[in-house]
Amino acid sequence: MEWCVSLPKVELHAHLNGSIRDSTLLELARVLGEKGVIVFSDVEHVILKNDRSLTEVFKLFDLIHILTTDHTTVKRITQEVIEDFASENVVYLELRTTPKRNDSIGMTKRSYMEAVMEGLRAVSTVDVAFAPHNVDAGSLRESLPINDACDGKRKKIYVQLLLSIDRRESTASAMETVKLALEMRDLGVLGIDLSGNPVVGEWMTYLPALEFAREHGLYITLHCGEVPNPKEIQAMLDFIPQRVGHACYFEDDDWKKLKHFNIPVEICLTSNIVTASVSSIDVHHFADLYNAKHPIVLCTDDAGVFSTSLSNEYKVAASAFGLGKREMFQLAKNAIEFIFADDGVKQDLRKTFDLATKKLD
Ligand code: 6MZ
């Protein structure tokens with residue numbers, strides 16, 4: 001495990017509200033319990049529970065969203081989540097979150113995202129770098145913090161943002177999120193994710209917003225095949241997103257299409273096993289995709305909800321599929337090729353991995 005922690009890693013599928021520390025959730029629940037908004041003892045065991053079905057996971061998200069409603073808390077969790085990823089040597093993080101509107105506390109999708117940005121700026125344990133849209137590699141380097149991960153003094157983590165569309169949203173609401181993402185490109189927003197309870201909603205509802213996003217140059221990743229839904233899986237693959245998440249319920253035609261379009265897959269082992277989207281680790285599609293050299297990247301999904309970390313996901317892969325250190329290093333390094341940031345960032349990350357090769361031998 002120690003080795004997996006010291007390995008530099010790239011995290012491409014992490015939901016902000018799913019990555020919160022249990023201790024923070026409990027603290028927030030206690031405060032709301034004291035205010036009489038919730039009954040703490042009812043909520044405590046839900047937070048600490050380990051096994052959760054997919055249905056229970058989405059109930060838990062409803063609870064988490066009650067706990068994290070206000071701007072101050074959104075800022076806090078963003079800061080903590082970034083610090084947690086950085087502390088286990090994640091060197092590049094694409095953090096995704098659903099912009100939320102809550103009229104009762106004057107929250108708009110934009111003000112929610114501004115709170116996220118404040119959290120990003122509040123990180124103090126590491127240098128946070130991001131690559132604004134349309135900046136060439138040369139000037140990008142100058143815009144980065146002076147301290148470099150390579151100098152051994154302070155760590156650096158790239159943080160880029162993806163805005164999520166929740167499957168409960170209408171076309172208009174999804175469109176609002178895409179427009180917000182376009183407005184926030186200079187603040188490190190690179191793309192759009194479609195997520196939320198996979199048994200809710202219809203692909204055609206989100207399609208206009210996703211097409212609009214693509215026309216304007218945003219990158220797109222879709223939760224695809226988290227439950228059996230053959231028509232939707234085919235429609236999503238025909239859309240040719242830049243990446244898909246999960247791909248648990250794919251059939252032969254789906255694998256063919258995925259491979260034909262060479263679409264990278266964000267693999268979330270612990271999440272898939274805990275929610276029983278895959279019945280056991282030894283039948284997980286990681287093995288087939290890995291052996292076929294299809295582009296894949298190990299991710300956490302919801303490190304808080306599933307009590308995992310990216311280092312742990314590498315450890316799980318190593319023991320389940322017999323990967324050695326060299327294979328794990330290569331797997332982690334390959335992920336650079338599937339990030340949504342530009343070539344300047346990729347080059348910088350390749351250097352970070354090359355330097356780490358010597359230390360990790
Ligand atoms: C689908 C998921 C998910 O956006 O509020 N989310 N959507 N499948 C999953 N697999 C278990 N895990 C998380 O983070 C929480 C939201 O991310 C999505 C859900 O919409 C959830 O409400 P944010 O920061």
Side-chain angles (χ1 to χ4, degrees), residues 11-21 24-25 28 49-71 73-82 84-85 93-102 107 109 112-113 115-117 119-120 159 161-169 173-174 177 180-181 189 191-201 203 206 221-227 229 232-233 236 243-249 265-278 299-308 313:
E11 169 64 88
L12 301 184
H13 187 134
H15 299 270
L16 172 61
N17 277 274
S19 309
I20 306 169
R21 301 171 188 162
T24 299
L25 284 180
L28 296 169
K49 197 173 170 208
N50 266 333
D51 279 348
R52 316 172 191 279
S53 67
L54 207 51
T55 314
E56 282 174 325
V57 164
F58 289 99
K59 277 197 196 137
L60 176 61
F61 280 124
D62 288 341
L63 169 66
I64 292 176
H65 289 144
I66 293 173
L67 302 178
T68 62
T69 328
D70 61 284
H71 294 104
T73 308
V74 172
K75 175 184 170 187
R76 172 186 173 174
I77 59 168
T78 306
Q79 177 182 351
E80 289 181 356
V81 165
I82 293 170
D84 288 351
F85 276 115
L93 164 67
E94 268 172 31
L95 185 63
R96 53 185 80 188
T97 193
T98 321
K100 296 167 187 72
R101 187 180 145 182
N102 188 336
M107 180 183 276
K109 287 190 176 194
Y112 173 90
M113 284 312 300
V116 169
M117 296 308 305
L120 215 136
V159 181
L161 299 169
L162 305 180
L163 303 199
S164 301
I165 295 170
D166 187 314
R167 296 182 61 110
R168 288 176 292 195
E169 291 184 68
S173 179
T177 296
L180 180 61
V189 175
I192 296 291
D193 153 59
L194 174 67
S195 54
N197 192 336
V199 301
V200 171
W203 168 244
Y206 329 114
T221 175
L222 305 172
H223 281 61
C224 181
E226 215 178 352
V227 292
N229 190 343
E232 185 181 270
I233 293 171
M236 284 182 166
R243 296 196 307 254
V244 294
H246 298 299
C248 300
Y249 286 90
V265 184
E266 302 152 358
I267 300 264
C268 310
L269 296 171
T270 302
S271 162
N272 294 159
I273 300 303
V274 172
T275 59
S277 303
V278 173
C299 304
T300 52
D301 203 6
D302 300 291
V305 168
F306 299 118
S307 307
T308 188
E313 295 304 298

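Every heavy atom of this structure was used, including side-chain atoms; hydrogens, water molecules and symmetry mates were not. Along the sequence shown, residues are numbered consecutively beginning with 1. Every number for a ligand or one of its atoms is a count from 1 in the order of the listing.
- A salt bridge between Arg243 and Glu94 is present, with a side-chain N of the basic residue lying under 4.0 Å from a carboxylate O of the acidic one.
- Ligand-side atoms of ligand 1 in range of Asp166: 20 (O), range being under 4.0 angstrom from any heavy atom.
- For atom 4 (O) of ligand 1, the closest non-hydrogen atom on the protein side is Thr98 OG1, 2.5 Å.
- Rounded to the nearest 0.5 angstrom, Ile77 CD1 and Thr24 OG1 are separated by 9.0 Å.
- Distance from atom 12 (N) of ligand 1 to its nearest protein heavy atom, with residue and atom name: Asp302 OD2, 2.7 Å.
- Contacts with ligand 1 closer than 4.0 Å are made by heavy atoms of both the backbone and the side chain of Leu16.
- The shortest N/O to N/O separation between Asn197 and ligand 1 does not fall below 3.5 Å.
- With Asp166 as the fixed residue, the side chain to side chain contact (heavy atoms under 4.5 Å, CB included) test singles out one of Val200, Thr98, Asp193: Thr98.
- Distances shorter than 4.0 angstrom occur between a heavy atom of His65 and an atom of ligand 1.
- Proximity of a side-chain donor or acceptor of Tyr112 to a complementary backbone N or O of Met107 within less than 3.5 Å is not detected.
- Polar contact with ligand 1: absent for Ser164 (N/O pair, distance under 3.5 Å).
- With rounding to the nearest 0.5 Å, the separation of OG1 in Thr69 from CD1 in Ile66 is 7.0 Å.
- Nearest protein neighbour of atom 20 (O) of ligand 1, counting heavy atoms only, is Gly196 CA, 3.3 Å.
- Here the straight-line distance linking atom CZ of Arg101 with atom CD of Glu169 works out to 11.0 Å at 0.5 Å rounding.
- For the pairing with Cys248, the side chain to side chain contact (heavy atoms under 4.5 Å, CB included) check across Ile267, Thr275, Val278, Val227 returns one residue only, Val278.
- In this structure, Asp62 CG and Asn17 CG are separated by 11.0 Å, a value rounded to the nearest 0.5 Å.
- Every atom of ligand 1 with a heavy atom of Asn17 under 4.0 Å away is listed here by number and element: 5 (O), 14 (O), 15 (C), 23 (P), 24 (O).
- With hydrogens left out, the protein atom closest to atom 10 (N) of ligand 1 is Glu226 OE2, 2.7 Å, a heavy atom.
- Evaluated for a side-chain hydrogen bond (donor to acceptor under 3.5 Å, both in side chains) with His15, the options Thr300, Asp301, Asp302 yield exactly one hit, Asp301.
- The shortest heavy-atom distance from Asp301 to ligand 1 is under 4.0 Å.
- The residue Arg167 has no part lying near ligand 1, judged by heavy-atom distances below 4.0 Å.
- Distance from atom 17 (O) of ligand 1 to its nearest protein heavy atom, with residue and atom name: His15 ND1, 3.0 Å.
- Short contacts between ligand 1 and Thr97, defined as distances under 4.0 Å to a heavy atom of the residue, involve ligand atoms 4 (O), 23 (P), 24 (O).
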